[in-house]
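So the structure is just underneath, and the comments pick up after that.
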Amino acid sequence: MLLKEILSSIEVTAIHGDTDIDITDVVIDSRQTSAGTLFVAMRGTQADGHDYIQKAIAQGASAILCEHLPEEISASTTYIIVRDTEAIVGEVATAFCGKPTEMLDLIGVTGTNGKTTTATLLYNMFRRFGYKCGLISTVCNYIDGTAVPTDHTTPDAITLNKLLGRMASEGCRYVFMEVSSHSVVQHRIGGLHFAGGIFTNLTRDHLDYHKTVEAYRDAKKGFFDMLPDDAFAVINADDKNGMFMVQNTHARVVTYSRQSEATHHARIIEESFDGMDLEIDGRQVSVPFIGRFNVSNLLAVYSTAIAMGRTAEEVLIALSALRPVNGRFETIRSANGVTAIVDYAHTPDALDNVLATINEILRNRARCITVCGAGGNRDKGKRPLMAQSAVRASDRVIITSDNPRFEEPQDIINDMLAGISKEDMSRVVAITDRREAIRTAVMMAQPGDVILIAGKGHEDYQEIKGIKHHFDDHEVVQEAFGA
């Protein structure tokens, strides 16, 4: 594609060189540069791309998109100056990739909890309806059944547009995508056309990046502010921030609720560890999901499918056939009647929701033993809150490692223990080794007890000092049950 075509809708401050040249790739990592490449110099949180312009040119970059000219200029290189490279990289990426979202119906899901479940269930549902679909999620990306590994909830703008381009070229009709708060603030979704957006809920998370809850909330709202007037916005009316999200949206607003008046409503008729009987908009349906939080997730899926033109009857039939997402309230049972639940809950609110569900079903007939930790190099303020949530709703608690990253595991555990009172410490054990912590929980458990293993869910690794070591909670608990 010609450089001038890529820049046709971009506000440019100055151009030095020829734009009538062919661009074969667009990159933000100088190590990926080769002949014919447009290198976008972005100011990241860890490094400034402007420091790598000469390296990109040495590796063959034909053009540089930057905020200021470098001191050393190459006569054979074109330089495009813009005010903010991060703000326009999405538009550059989508132009280079042929504007793929003009050929797809892209549905974005944002919120603190429930994004993965909601996006994945919609992807599975519409594939059941016979459509080719794409999924962009925390667990894995899929192009109509073909897995594409992922490292971020929302990829960078260039990776994202290339993935969407593949989905469009392979005939996908719908794409369901998790939209993180980081991706909104960092303009990773800039230039994309969304057919719809979904808001699940908002609680404390990512304050290491956003600094305040208000800034985190406003980042989520920014997604709905950008929705076009031909899109829909499906909103959880039970969340106090729900209607705030759509104050300035141009999209058609649809609401869902378990507790109040809304476009769509649901309630639990009966529940067990095997599933729930629900009433949705006056119709009954049985689903193999558990918990009020999953009622909200399923209602978000139902409301979105209706907004996309499906009938209530076909949506309910599809809901009854869907299964829980990997690492989201997954149950594993031992031969002697102990139930282990593996869940991704990694915020205080998510942990509260999962434990509330377990205790509602147990009704004091057996004990709840919780194994949990907190991630390193993330919001430290939620660590004592996580411990408090665990202690408040569990009979025994084992505090352990999650993904310590570059922190010392014991330091993270100490931060969590600081939130527990002296009286409650008698029910708490700290075991740094996560494998040993899970084994200890299994040894503590008696028939009928439930063990919640929270924090990592679908992850099959433990990140320590920059290295991802294989570790899967499912495997560890199954080994412990077998032993």
Side-chain angles (χ1 to χ4, degrees), residues 1-103 136 148-152 154-169 182-193 209 226 466:
M1 177 179 283
L2 293 178
L3 178 58
K4 65 181 180 182
E5 295 174 342
I6 297 173
L7 302 176
S8 61
S9 60
I10 307 301
E11 187 175 340
V12 174
T13 302
I15 297 176
H16 296 262
D18 186 11
T19 61
D20 197 23
I21 58 174
D22 191 44
I23 297 298
T24 57
D25 201 3
V26 178
V27 302
I28 59 175
D29 186 339
S30 62
R31 294 169 296 185
Q32 299 172 356
T33 308
S34 59
T37 298
L38 168 62
F39 172 65
V40 183
M42 292 174 55
R43 300 182 188 278
T45 56
Q46 305 296 325
D48 185 348
H50 291 78
D51 297 335
Y52 298 89
I53 288 176
Q54 298 308 325
K55 180 181 178 182
I57 293 172
Q59 292 187 189
S62 298
I64 305 294
L65 187 68
C66 52
E67 295 174 10
H68 57 80
L69 280 174
E71 293 182 5
E72 184 181 341
I73 301 296
S74 169
S76 61
T77 306
T78 300
Y79 299 86
I80 305 99
I81 314 301
V82 296
R83 185 182 61 82
D84 185 344
T85 51
E86 184 179 78
I88 58 91
V89 67
E91 295 178 41
V92 170
T94 196
F96 175 73
C97 293
K99 300 182 179 180
T101 53
E102 292 185 0
M103 297 174 277
I136 302 173
V148 182
T150 180
D151 290 324
H152 297 89
T154 311
D156 68 79
I158 296 169
T159 303
L160 176 58
N161 276 277
K162 289 178 179 178
L163 180 59
L164 289 167
R166 285 181 59 190
M167 291 175 175
S169 65
H182 294 69
S183 72
V184 179
V185 174
Q186 295 171 4
H187 305 281
R188 295 185 216 162
I189 58 174
L192 301 183
H193 181 278
Y209 179 82
M226 67 172 280

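Side chains are part of it too, since the values below use all heavy atoms of this structure and drop only hydrogens, waters and symmetry mates.
- With a 4.5 Å cut-off on side-chain heavy atoms, His193 and Lys99 do not count as touching.
- Summarising the local packing, CD of Glu11 is surrounded by 12 or fewer heavy atoms from other residues, nucleotides or ligands at distances under 6.0 Å.
- You'll find the side chain of Ile88 stays beyond 4.5 Å of the side chain of Val40, heavy atoms only.
- Between the NZ atom of Lys4 and the CD1 atom of Ile15 there is a distance of 11.5 Å, given to the nearest 0.5 Å.
- Nearest approach of Pro100 to Ala168, heavy atoms of both residues: O-CB, 4.3 Å.
- Side-chain atoms of Asp18 and Thr78 include no donor-acceptor pair closer than 3.5 Å.
- Side-chain contact between Gln54 and Glu72 is present, with at least one heavy-atom pair separated by less than 4.5 Å.
- Residues Val82 and Val12 share a closest heavy-atom pair of CG1-CA, 4.3 Å.
- Across every non-hydrogen atom of Asp25 and Lys162, the tightest pair is OD1-NZ, 2.6 Å.
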*For the pair Ile57 and Thr33, evaluate side chain to side chain contact (heavy atoms under 4.5 Å, CB included) and give the outcome as yes or no after the intermediate values.*
CA-CA 8 Å; Ile57 293 172; Thr33 308; over 6 Å; no
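- Counting heavy atoms from C-beta on, the side chains of Thr19 and Leu2 never come closer than 4.5 Å.
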*Under the side chain to side chain contact (heavy atoms under 4.5 Å, CB included) rule, what do Thr37 and Val26 come out as? Steps first, then yes or no, please.*
CA-CA 6 Å; Thr37 298; Val26 178; over 6 Å; no
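- Closest of all the heavy-atom pairs between Phe39 and Ser30 is CE1-N, 3.5 Å.
- Minimum heavy-atom separation, Glu91 to Thr94: O-CG2, 3.4 Å.
- Between atom OG1 of residue Thr159 and atom CD1 of residue Ile28 there is a gap of 6.5 Å, rounded to the nearest 0.5 Å.
- Here the straight-line distance linking atom CD of Glu67 with atom OG1 of Thr13 works out to 9.5 Å at 0.5 Å rounding.
- Here the CG-CD1 distance, from Leu38 to Ile21, works out to 8.5 Å after rounding to the nearest 0.5 Å.
- Considering OH of Tyr52 and CZ of Arg31, their distance stands at 8.0 Å, rounded to 0.5 Å.
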*What's the verdict on side chain to side chain contact (heavy atoms under 4.5 Å, CB included) for Ile23 and Met1, showing C-alpha distance, side-chain angles and the deciding distance?*
CA-CA 5 Å; Ile23 297 298; Met1 177 179 283; 5.6 Å; no
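- The residues Asp156 and Arg188 are annotated as not salt-bridged, no charged nitrogen and carboxylate oxygen being separated by less than 4.0 angstrom.
- Contact of the Leu7 side chain with the Ile80 side chain is registered, since non-hydrogen atoms from C-beta on lie closer than 4.5 Å.
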_With side chain to side chain contact (heavy atoms under 4.5 Å, CB included) as the criterion, how do Ile53 and Cys66 come out once you've worked through the C-alpha distance, each side chain's angles and the decisive distance to 0.1 Å?_
CA-CA 9 Å; Ile53 288 176; Cys66 52; 4.1 Å; yes
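- Each ring-ring contact (aromatic ring centres under 6.0 Å, His included) pair with one or both residues in residues 57-90, not counting sequence neighbours, appears once here: His50-His68.
- The shortest heavy-atom contact between Asn161 and Ala157 is ND2-O, 2.8 Å.
- Inter-residue side-chain proximity for Asp84 and Arg43 is flagged as unmet; no heavy-atom pair is nearer than 4.5 Å.
- By the ring-ring contact (aromatic ring centres under 6.0 Å, His included) test, His187 pairs with no residue at all, sequence neighbours left out.
- The NE2 atom of His16 lies 13.0 Å from the OG1 atom of Thr77; values are rounded to the nearest 0.5 Å.
- For the pair Leu164 and Cys97, the minimum side-chain heavy-atom distance is 4.5 Å or more.
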